[in-house]
Peer 1: 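Below you'll find the structure I mean.
First the proteins, then the strands, lettered A, B, ... as listed; each starts at 1.
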There are 2 protein chains.
Amino acid sequence: MGKYLNQKPVLVAVDCIIFGYDGDQLKLLVIKRAIEPIKDKWSLMGGFIGENEDLDGAAKRILLELTGLHDVYLEQLHAYGSPDRDPIERTVSVVYFALIDIHKYSKQINDQYHAEWFKLKEVPELIFDHNVMVKAAMDKIRYQAALHPILFELLPKRFTIPQLQTLYEQVYDSPIDNRNFIRKITASGLLIKQSDKDKSSSRRGAFYFKLDKNKHKAQFQSFLNFIPKTSK
Amino acid sequence: MGKYLNQKPVLVAVDCIIFGYDGDQLKLLVIKRAIEPIKDKWSLMGGFIGENEDLDGAAKRILLELTGLHDVYLEQLHAYGSPDRDPIERTVSVVYFALIDIHKYSKQINDQYHAEWFKLKEVPELIFDHNVMVKAAMDKIRYQAALHPILFELLPKRFTIPQLQTLYEQVYDSPIDNRNFIRKITASGLLIKQSDKDKSSSRRGAFYFKLDKNKHKAQFQSFLNFIPKTSK
DNA sequence: GCAAAAGTGTTTTCTATACACCCATGT
DNA sequence: ACATGGGTGTATAGAAAACACTTTTGC
């Protein structure tokens, strides 16, 4: 096999930005970096690509290692490659973001990483350019969520409309009119009303809904104009 | 300086997908690959990242080498990293797409690359996964152009509305109603009407317009819903 | 009975769409 | 005079936005 001559290879890492939502707060999962140097600083979960692994595969592996989860919504965000972004050694990082159901996440698996959930507005200083990456991920999520029903990936199988609305309000950091919200969400036909209620957050209780997965898939591309133009 | 141990570095390339528009046809610029092996096959213009170069910088350099152009619309598309995507040697490719004014492009500069413009529908077979990349770029351009005024980057300083409309029709591969198109485009306030006409494509002539650059910048984010829902 | 959250309709404005004819000019 | 492409207006339907009160129920 021929080789390209005189080219300097570099390390390629994949970093994962993992979002979760507990029904009230949008959160980010970060770890305490285990390897020297810069040990014990907060960091995104990442790793280097394996010899027989593609980028998506590496992202899935890294996500599985930290969360124990398969079949998660995962999307490539951007590649970062400043020569000095990682002071240890030149590393190009390909960044993914994941939206997970925080309830499926089990703490045991990740004890070795000292992982912790932070509210989005309280994310600590992270190593290297990781805070920039998180900001870019939020921008992309806002963009995507305005056009496609991706935020359902953050919810459990059964959820209430107030939970869903709060999620949208957190993502866009602005209040949404509740009547218009319900009208749009029901008009989308994506929700199936359940007969029982969640009584944990009010006396009256809020009906559970679940997602119509077929319609969700079918309408993924056409779920447009979801966010009110006047929001924020 | 410490190093990460036991990690295998790989080559990182940047490939550029270069689009142009001649007033009638949307086109792609590709080169005849100069280096063995797989010499003389059509390929995107690319190169490996330099030691002191970031990814955007590498993309700009590569674009400059081939087109002689600075200050071009350039956007990172995606990173590709299958272990066997380049059979010569493991290479992760970070792909950018560029939208250039084809009239600013001067043929001399790139004679050494045997560059050639192809109509988008007649792009030949390219090496590796380059055809997949081109398709992804077109998808992204359609997405972006529906929300943001990026297609102006393909036009010369002065252009006519029929040219602009044809461009949109090519990008979306579907006819657009001319009265509705003019209404929307003038409503956007982005165009400044000139007093003279382009007579090259009709006896009557079509007025030239130029872009209001300040408004273009200001409205970049809010230029929404440009493409008719019924197109195609 | 009251506090706290869930749920429900109507009106108005705006935007998108469909649609067909006259205009200007060079030959 | 005619062929060719450029340019113009209106009516209709659908979507978005603004807006406030009633319901339920545990305490």
Side-chain angles (χ1 to χ4, degrees), chain A residues 23-25 145-147 149 155 158-170 172 174-209 219 222-232, chain B residues 23-25 145-147 149 155 158-170 172 174-209 219 222-232:
Chain A
D24 176 50
Q25 290 286 327
L147 303 170
L155 293 166
R158 287 151 42 86
F159 53 87
T160 67
I161 294 206
Q163 279 166 14
L164 183 64
Q165 182 173 343
T166 305
L167 174 55
Y168 273 93
E169 289 175 336
Q170 300 236 340
Y172 291 95
S174 77
I176 297 176
D177 179 274
N178 152 266
R179 285 165 292 184
N180 292 336
F181 183 81
I182 292 177
R183 181 178 317 110
K184 279 198 207 177
I185 206 79
T186 54
S188 76
L190 292 177
L191 297 193
I192 304 170
K193 191 173 189 170
Q194 306 300 103
S195 55
D196 54 333
K197 289 181 166 183
D198 168 27
K199 298 222 160 193
S200 65
S201 66
S202 75
R203 310 200 198 289
R204 181 179 179 181
F207 278 105
Y208 281 113
F209 289 80
Q219 292 181 219
S222 60
F223 184 78
L224 298 179
N225 296 329
F226 200 72
I227 295 309
K229 298 236 162 82
T230 50
S231 81
K232 186 133 202 181
Chain B
D24 176 49
Q25 290 286 326
L147 304 171
L155 293 166
R158 287 150 43 87
F159 53 87
T160 67
I161 293 205
Q163 280 166 13
L164 183 63
Q165 182 173 342
T166 306
L167 174 55
Y168 272 93
E169 289 174 336
Q170 300 235 342
Y172 292 95
S174 78
I176 297 175
D177 180 274
N178 153 265
R179 285 164 293 184
N180 292 335
F181 183 80
I182 292 176
R183 182 177 315 111
K184 278 196 207 177
I185 207 79
T186 53
S188 77
L190 291 177
L191 298 193
I192 303 169
K193 192 174 190 171
Q194 306 301 102
S195 55
D196 53 334
K197 288 180 167 185
D198 168 27
K199 297 221 161 193
S200 65
S201 66
S202 75
R203 310 199 197 289
R204 182 179 178 180
F207 279 105
Y208 281 114
F209 289 79
Q219 292 182 217
S222 60
F223 185 77
L224 297 178
N225 296 328
F226 200 71
I227 295 309
K229 297 236 162 80
T230 50
S231 82
K232 184 133 202 182

Peer 1: Where the side chain of D177(A) is defined as all heavy atoms beyond and including C-beta, which of dC19(D), dT25(C), dT8(C) is the nearest nucleotide?
Peer 2: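 The closest nucleotide is dC19(D).
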Peer 1: Assess the residue pair D196(B) and R158(B) against the criterion (salt bridge (charged side-chain N to carboxylate O under 4.0 Å, His left out)); give the C-alpha distance rounded to whole Å, side-chain angles, the decisive distance to 0.1 Å, and a yes or no.
Peer 2: CA-CA 10 Å; D196(B) 53 334; R158(B) 287 150 43 87; 2.6 Å; yes
Peer 1: Among the nucleotides dC19(C), dG7(D), dA5(C), which one has an atom lying closest to any side-chain atom of S202(A)?
Peer 2: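 Of all the options, the side chain of S202(A) is nearest to dA5(C).
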Peer 1: Is the phosphate of dG6(D) approached by K197(B) (side-chain N or O, under 4.0 Å from OP1 or OP2)?
Peer 2: no
Peer 1: Of the listed nucleotides (dA6(C), dT25(D), dG6(D)), which one gets closest to any side-chain atom of R204(B)?
Peer 2: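 It is dG6(D).
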Peer 1: Between Q163(A) and R203(A), which residue's closest nucleotide on DNA chain C lies nearer the 5′ terminus?
Peer 2: R203(A)
Peer 1: Heavy atoms from C-beta onward define the side chain here; which of dG7(D), dG7(C), dG9(C) lies closest to that of P162(A)?
Peer 2: dG7(C)
Peer 1: For F209(A), is the NZ or CZ atom of K193(A) found under 6.0 angstrom from the centre of its six-membered ring and inside 45 degrees of the ring axis?
Peer 2: no
Peer 1: Does Q219(B) use its side chain to pair, donor to acceptor, with the backbone of S188(B) at less than 3.5 Å?
Peer 2: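 Checking the backbone N and O of S188(B) against the side chain of Q219(B), a donor-acceptor pair under 3.5 Å is found.
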Peer 1: On DNA chain D, check which nucleotide each of N178(A) and K199(A) is closest to and give me the residue with the more 5' one.
Peer 2: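 Closer to the 5' end of DNA chain D: N178(A).
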Peer 1: So if I take every side-chain heavy atom of R179(A) and compare against dG9(D), dG6(D), dG9(C), which nucleotide ends up nearest?
Peer 2: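 Within the option list, the nearest is dG9(C).
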Peer 1: Applying a 4.0 Å non-hydrogen cut-off, can you work out what T160(A) is touching in the nucleic acid: base, sugar-phosphate, or nothing?
Peer 2: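 T160(A): no heavy atom of the nucleic acid under 4.0 Å.
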Peer 1: Please confirm whether the shortest side-chain N or O distance from K184(A) to OP1 or OP2 of dA17(D) is below 4.0 Å.
Peer 2: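 Yes, because at least one side-chain N or O of K184(A) sits under 4.0 Å from OP1 or OP2 of dA17(D).
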Peer 1: So which nucleotide from dG7(D), dT25(C), dA18(D) ends up closest to the side chain of R183(A)?
Peer 2: dA18(D)
Peer 1: Let's see if you can work this out: which of dA6(C), dC27(D), dG9(D) has an atom nearest to the side-chain heavy atoms of S201(A)?
Peer 2: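 Selected nucleotide: dA6(C).
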Peer 1: Take the protein atom CD1 of I182(A) and the nucleotide atom P of dA18(D), then report the distance between them rounded to whole Å.
Peer 2: 17 Å
Peer 1: Would you check if the distance from the ring center of Y168(A) to the ring center of F181(A) is below 6.0 Å?
Peer 2: yes
Peer 1: Given dC19(D), dT27(C), dG7(D), which nucleotide is nearest the side-chain atoms of N180(A)?
Peer 2: dC19(D)
